[in-house]
Undergrad: 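Submitted below is the structure of interest, expressed as structure tokens.
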Amino acid sequence: MTASLYSPAAARKEIWVYLEQEEGALLHISLELLSKGRELADANGWRLVGLLLGAKVAHLVDQAFAHGADAVVLGEHSLLRHFTIDAYAQAAFQALMSGKPGVFLLGATHNGRDLAARLAVRLRTGLNADCTNLHLEPPEGLLISEVSGFGEGVLALIGMPQHRPQMATVRAGVFNVSEETPGRKGEVLTFPVVLDESKLRTRILERNVAEGVDISQTPLLVAAGRGMGTDLAELRQLASRLGGELGVTRPLVDMGLVERERQVGQTGVVCSPKLALCCGISGAFHFVVGIEKAGTVIAINTDPDAAIFESADYCVVADARLIIFELNKALAAVGEAEHD
């Protein structure tokens with residue numbers, strides 16, 4: 001493989017986290033990566049640095065410090081107001097070549113994946129995508145990325161001992177956000193972003209943001225599988241009454257019954273709710289990956305040997321449709337009583 005633009009010997013003992021922001025607000029995945037980065041940095045005596053790009057985003061520096069960053073590399077430019085891959089890749093490349101970190105972590109968002117792939121090519125390094133865990137091994141600081149394989153619970157451990165930076169993307173919901181420390185201070189490292197507008201192939205003429213849902217942050221998940229059939233009205237109603245969100249397995253998304261942002265699992269969203277109610281779900285490994293961080297899992301299935309029961313705290317052998325109907329009926333009665 002071609003040598004990276006800087007060697008392990010030239011790399012600094014620093015973990016950099018891409019602080020992805022939208023409209024002047026840090027995405028939750030940025031805080032998750034800072035929390036994990038802080039854990040890795042403390043265990044190895046490294047420094048944790050946030051890379052913050054945008055236009056007029058300096059106010060986010062204090063939030064990064066509060067969540068564990070020792071320093072923030074700040075690059076501001078009018079052409080970074082909205083994400084375009086050309087502008088952000090150029091700015092990030094400049095910062096990385098100047099700082100030469102040993103590790104660079106990004107969220108596996110649409111923009112994060114795009115940016116990570118582009119930078120990996122430019123830096124001539126590797127990229128571990130959609131990781132489910134990260135370890136930093138002393139003394140060299142080798143990043144070991146865990147990537148779940150398809151089916152049968154296969155877990156791949158990937159490292160890149162000869163290339164820097166060691167890059168990885170992590171999906172939202174994989175790591176918990178540690179408690180912030182208000183007033184915590186760090187070092188702000190401002191760097192001059194050099195961009196030539198004539199060389200940027202994309203210009204934002206109009207920006208429309210569709211309203212969506214982020215089920216990775218819901219405190220209560222009502223999840224449906226193929227066993228629930230095609231009518232999910234009762235499940236949607238239950239999720240609403242309980243203050244949660246509806247999630248589904250991939251077959252229901254592929255059938256066009258539910259939008260893909262509600263797909264739970266390895267190829268969907270990783271969730272960490274306090275309670276996950278799994279209805280009519282067989283329990284394939286692809287799905288279980290998405291709820292393994294749930295506080296409590298209740299599974300309802302007519303098959304007493306369903307694999308989902310192996311991952312559940314409470315198992316109910318019954319027709320989930322009847323259970324959901326009765327739950328909605330009871331909750332409706334409670335609501336009526338409260339209004340009387």
Side-chain angles (χ1 to χ4, degrees), residues 148 150-153 171-174 210-340:
S148 300
F150 287 92
E152 303 303 325
R171 282 188 291 172
V174 170
E211 291 187 7
V213 61
D214 182 6
I215 64 172
S216 70
Q217 304 304 315
T218 185
L220 188 145
L221 179 73
V222 177
R226 202 197 307 257
M228 295 304 296
T230 58
D231 187 358
L232 304 178
E234 288 282 346
L235 279 173
R236 291 182 186 274
Q237 193 173 61
L238 180 63
S240 177
R241 282 178 167 150
L242 294 176
E245 294 289 349
L246 174 69
V248 298
T249 59
R250 181 169 182 168
L252 299 186
V253 173
D254 291 342
M255 292 166 64
L257 298 175
V258 180
E259 58 271 27
R260 192 160 295 278
E261 63 190 4
R262 292 187 182 275
Q263 180 183 324
V264 179
Q266 188 175 45
T267 55
V269 179
V270 176
C271 305
S272 52
K274 293 181 180 178
L275 174 64
L277 179 60
C278 300
C279 307
I281 297 173
S282 62
F285 175 74
H286 306 142
F287 170 79
V288 172
V289 168
I291 60 161
E292 61 184 0
K293 291 184 177 294
T296 301
V297 176
I298 301 174
I300 310 173
N301 200 295
T302 56
D303 180 4
D305 297 320
I308 189 65
F309 289 148
E310 297 178 9
S311 303
D313 298 290
Y314 298 94
C315 308
V316 182
V317 180
D319 187 334
R321 289 170 293 187
L322 298 178
I323 298 292
I324 299 306
F325 176 80
E326 292 298 331
L327 282 174
N328 272 323
K329 185 178 177 181
L331 289 170
V334 171
E336 291 175 359
E338 291 178 348
H339 287 297
D340 290 341

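What's counted below: heavy atoms across the whole structure, side chains too, no hydrogens, waters or symmetry copies.
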Undergrad: First locate atom CG of D319, then atom CG of N301, and finally report the distance between them rounded to the nearest 0.5 Å.
TA: 9.5 Å
Undergrad: Does the distance from a Lys or Arg side-chain N to an Asp or Glu carboxylate O, for D214 and R262, drop under 4.0 Å?
TA: no
Undergrad: Would you check, one step at a time, whether the test side chain to side chain contact (heavy atoms under 4.5 Å, CB included) holds for E234 with R321?
TA: CA-CA 8 Å; E234 288 282 346; R321 289 170 293 187; over 6 Å; no
Undergrad: List the atom of P273, the atom of P219, and the distance in Å for their closest heavy-atom pair.
TA: CB-O, 3.5 Å
Undergrad: May I ask you to test the I215-E261 pair for a side-chain heavy-atom distance under 4.5 Å?
TA: no
Undergrad: At what distance, to the nearest 0.5 angstrom, does CD1 of I323 lie from CD1 of I298?
TA: 11.0 Å
Undergrad: Less than 4.5 Å apart, any side-chain heavy atom of L242 and any of L275?
TA: no
Undergrad: If you look at every heavy atom in V289 and V270, which pair is closest and at what distance?
TA: O-CG1, 4.1 Å
Undergrad: Please examine the side chains of L221 and K274, heavy atoms only from C-beta on, and report whether any two atoms are closer than 4.5 Å.
TA: no
Undergrad: Using the test salt bridge (Lys or Arg N to Asp or Glu O under 4.0 Å), find all partners of E292 that sit at least two apart in sequence or belong to another chain.
TA: none
Undergrad: Identify the two heavy atoms, one from F309 and one from P304, that lie closest to each other, and give their separation to 0.1 Å.
TA: CD1-O, 3.5 Å
Undergrad: Taking the side chain as every heavy atom from C-beta outward, state whether Q263 and V258 have any atom pair closer than 4.5 Å.
TA: no
Undergrad: Might you point out which heavy atoms bring T249 and R226 nearest each other, and give the distance in Å?
TA: OG1-N, 4.0 Å
Undergrad: Step by step, work out the side chain to side chain contact (heavy atoms under 4.5 Å, CB included) result for L235 and V248.
TA: CA-CA 10 Å; L235 279 173; V248 298; over 6 Å; no
Undergrad: Which atom pair, heavy atoms only, marks the closest approach of L257 to T230?
TA: CD1-CA, 3.8 Å
Undergrad: What is the distance from atom CD1 of I291 to atom OG of S272, rounded to the nearest 0.5 Å?
TA: 12.0 Å
Undergrad: Which value, rounded to the nearest 0.5 Å, describes the distance between S311 atom OG and I281 atom CD1?
TA: 11.0 Å
Undergrad: Starting at CD of E310, measure out to SG of C315 and round the result to the nearest 0.5 Å.
TA: 9.5 Å
Undergrad: Which atoms form the tightest heavy-atom contact between G225 and L252, and what is the distance?
TA: O-CD1, 3.6 Å
Undergrad: Once you round to the nearest 0.5 Å, how far does OG of S282 lie from CG of D305?
TA: 13.0 Å
Undergrad: Between L331 and E326, does the side chain to side chain contact (heavy atoms under 4.5 Å, CB included) criterion hold? Intermediate values first, please.
TA: CA-CA 9 Å; L331 289 170; E326 292 298 331; over 6 Å; no
Undergrad: Can you find a pair of side-chain heavy atoms, one from I324 and one from L277, that are under 4.5 Å apart?
TA: yes
Undergrad: Check whether any side-chain heavy atom of C271 sits under 4.5 Å from a side-chain heavy atom of T218, and report yes or no.
TA: no
